[in-house]
J.: 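Sharing a structure here in structure tokens format.
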Amino acid sequence: MYSEHKWTAVEKISFVVNIIPAGKVLPYGKVADLAGLPGRARYVSRALKLAPSEANLPWHRVINSAGKISFPKNSDLFQQQTELLRLEGIEVNQGNISLSKYLWQPDLATLVMTLPF
DNA sequence: GGGCGGGCAGTCA
DNA sequence: ATGACTGCCCGCC
């Protein structure tokens with residue numbers, strides 16, 4: 001059955017963030033790409049900030065393209081994100097995460113069939 | 001409402 | 001590492 005539903009940018013972003021597996025991370029820019037919104041990395045951060053907590057998004061799995069946590073080192077959010085990532089077995093040193101170890105590299109063919117948009 | 005300016009959990013050269 | 005550039009939301013005329 002076709003759905004007439006029009007996916008909003010926020011919905012697409014939420015969807016992509018939701019399918020990042022535990023123990024993996026994805027940069028803002030990649031999230032935007034997979035959501036079909038190339039060049040809109042900043043909008044991803046904005047969307048995450050505005051997303052209702054009830055959505056239970058694994059926001060902590062989104063980091064910047066340099067492989068770092070995008071919060072000031074003394075902030076609560078920085079601490080939270082560090083802890084959440086460690087709970088999933090990801091090594092975090094001073095906000096740095098090894099992309100070569102933890103970058104999510106989805107099989108694109110599978111992904112295309114997974115995304116509803 | 002419409003328009004403009006500032007700010008941002010980013011990215012790339 | 002630094003700076004230029006971006007897309008878009010939000011608050012204020």
Side-chain angles (χ1 to χ4, degrees):
Chain A
M1 254 333 216
Y2 283 105
S3 167
E4 301 289 325
H5 186 271
K6 294 264 201 174
W7 290 81
T8 66
V10 171
E11 287 171 327
K12 292 179 182 178
I13 290 167
S14 301
F15 190 94
V16 171
V17 171
N18 250 319
I19 59 177
I20 303 172
K24 291 291 172 183
V25 296
L26 200 57
Y28 295 91
K30 293 284 194 184
V31 173
D33 289 346
L34 294 182
L37 305 165
R40 266 154 278 188
R42 293 195 97 130
Y43 187 56
V44 171
S45 65
R46 199 169 272 281
L48 291 181
K49 174 183 289 190
L50 301 179
S53 52
E54 300 84 55
N56 272 333
L57 292 178
W59 58 272
H60 57 280
R61 296 179 193 144
V62 184
I63 63 178
N64 67 34
S65 63
K68 302 201 232 172
I69 289 178
S70 282
F71 291 114
K73 292 214 168 69
N74 323 327
S75 63
D76 290 342
L77 283 172
F78 180 94
Q79 273 309 323
Q80 277 183 238
Q81 188 164 13
T82 299
E83 287 168 23
L84 288 169
L85 289 172
R86 285 182 176 151
L87 284 177
E88 302 183 347
I90 296 180
E91 304 167 68
V92 187
N93 315 308
Q94 309 299 309
N96 286 47
I97 292 131
S98 164
L99 285 180
S100 56
K101 282 192 192 171
Y102 301 115
L103 175 65
W104 184 41
Q105 301 182 62
D107 171 42
L108 289 184
T110 307
L111 193 59
V112 166
M113 294 186 289
T114 306
L115 299 177
F117 45 84

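Chain naming here is simple, since letters A, B, ... match the order of the sequence lines and numbering starts at 1 in each. Values in this document were obtained by computation on a predicted structure and should not be read as measured data.
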J.: Could you check Leu50(A) against Gly39(A) and say which one's nearest nucleotide on DNA chain C is further toward the 5' end?
T.: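 The residue whose closest nucleotide sits nearer the 5' end is Gly39(A).
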
J.: Could you state the atom-to-atom distance from OH of Tyr43(A) to P of dA9(B) in whole Å?
T.: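 Result: 15 Å.
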
J.: So does Lys12(A) have more than 12 non-hydrogen atoms from other groups sitting under 6.0 Å from NZ?
T.: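 Enclosed: over 12 neighbouring heavy atoms sit under 6.0 Å from NZ of Lys12(A).
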
J.: Give a yes/no answer on whether the side chain of Arg40(A) brings an N or O atom under 4.0 Å of OP1 or OP2 in dC8(C).
T.: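 Checking Arg40(A) against dC8(C): at least one side-chain N or O falls below 4.0 Å of OP1 or OP2.
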
J.: Rounded to the Å, how far apart are Tyr28(A) OH and dC8(B) P?
T.: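 That distance rounds to 14 Å.
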
J.: In whole angstrom, what separates Ile13(A)'s CD1 from dC9(C)'s C1'?
T.: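 The distance from CD1 of Ile13(A) to C1' of dC9(C) comes to 12 Å, rounded to the nearest Å.
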
J.: With nearest nucleotides of DNA chain C determined for Lys68(A) and Arg42(A) from heavy-atom distances, which residue corresponds to the more 5′ nucleotide?
T.: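 Its nearest nucleotide lies further toward 5', so the answer is Lys68(A).
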
J.: Are OP1 or OP2 of dG10(B) and a side-chain N or O of Ser70(A) less than 4.0 angstrom apart?
T.: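 True: Ser70(A) side-chain N/O within range (under 4.0 Å) of dG10(B) OP1/OP2.
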
J.: Specify whether Phe15(A) and Trp7(A) have parallel, tilted or perpendicular ring planes, treating 30° as the upper limit for parallel and 60° as the lower limit for perpendicular.
T.: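 Answer is perpendicular, since the angle exceeds 60°.
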
J.: In this structure, how many angstroms lie between the P atom of dC8(B) and the CG atom of Asn64(A), rounded?
T.: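 After rounding, the reported distance stands at 16 Å.
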
J.: I want to confirm an ordering. Mapping Arg46(A) and Pro27(A) to their closest nucleotides on DNA chain B, which one lands closer to the 5' end?
T.: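 The residue closer to the strand's 5' end, by nearest nucleotide, is Arg46(A).
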
J.: Between C1' on dC8(C) and NZ on Lys49(A), what's the gap in Å once rounded to a whole number?
T.: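 Value for this atom pair: 13 Å.
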
J.: Name the pairing partner of dT6(C), where a pair is Watson-Crick or G-U wobble with both distances under 3.5 Å, or state none.
T.: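 Looking at the geometry, dT6(C) pairs with no nucleotide.
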
J.: What is the distance from CG of Leu57(A) to P of dA9(B), rounded to the nearest Å?
T.: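 It is 17 Å, rounded to the nearest whole Å.
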
J.: Under 6.0 Å from the CG atom of Asp76(A), do we count more than 12 heavy atoms belonging to anything else shown?
T.: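 Check fails, neighbour count at 12 or below.
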
J.: Does dG1(B) pair with anything, Watson-Crick or G-U wobble, both distances under 3.5 Å, and if so, with which nucleotide?
T.: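 No nucleotide pairs with dG1(B).
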
J.: Counting only heavy atoms not in Lys24(A), do more than 12 sit closer than 6.0 Å to its NZ atom?
T.: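 Yes, NZ of Lys24(A) has more than 12 neighbouring heavy atoms, counting only those of other groups under 6.0 Å.
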
J.: Considering every strand shown, what is the Watson-Crick or G-U wobble mate of dA9(B) when both distances are under 3.5 Å?
T.: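 The answer is none; no pair meets the criterion.
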
J.: Enter the distance from Ile13(A):CD1 to Asn18(A):CG here, rounded to the nearest 0.5 Å.
T.: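 Rounded to the nearest 0.5 Å, the CD1-CG separation comes out at 12.5 Å.
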
J.: Below the 4.0 Å mark, does dG10(B) have OP1 or OP2 next to a side-chain nitrogen or oxygen of Ser45(A)?
T.: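 For dG10(B), OP1/OP2 do not have a side-chain N/O of Ser45(A) under 4.0 Å.
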
J.: Round to the nearest Å and state the distance from Leu37(A) atom CG to dC9(C) atom C1'.
T.: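 Rounded to whole Å, this separation is 15 Å.
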
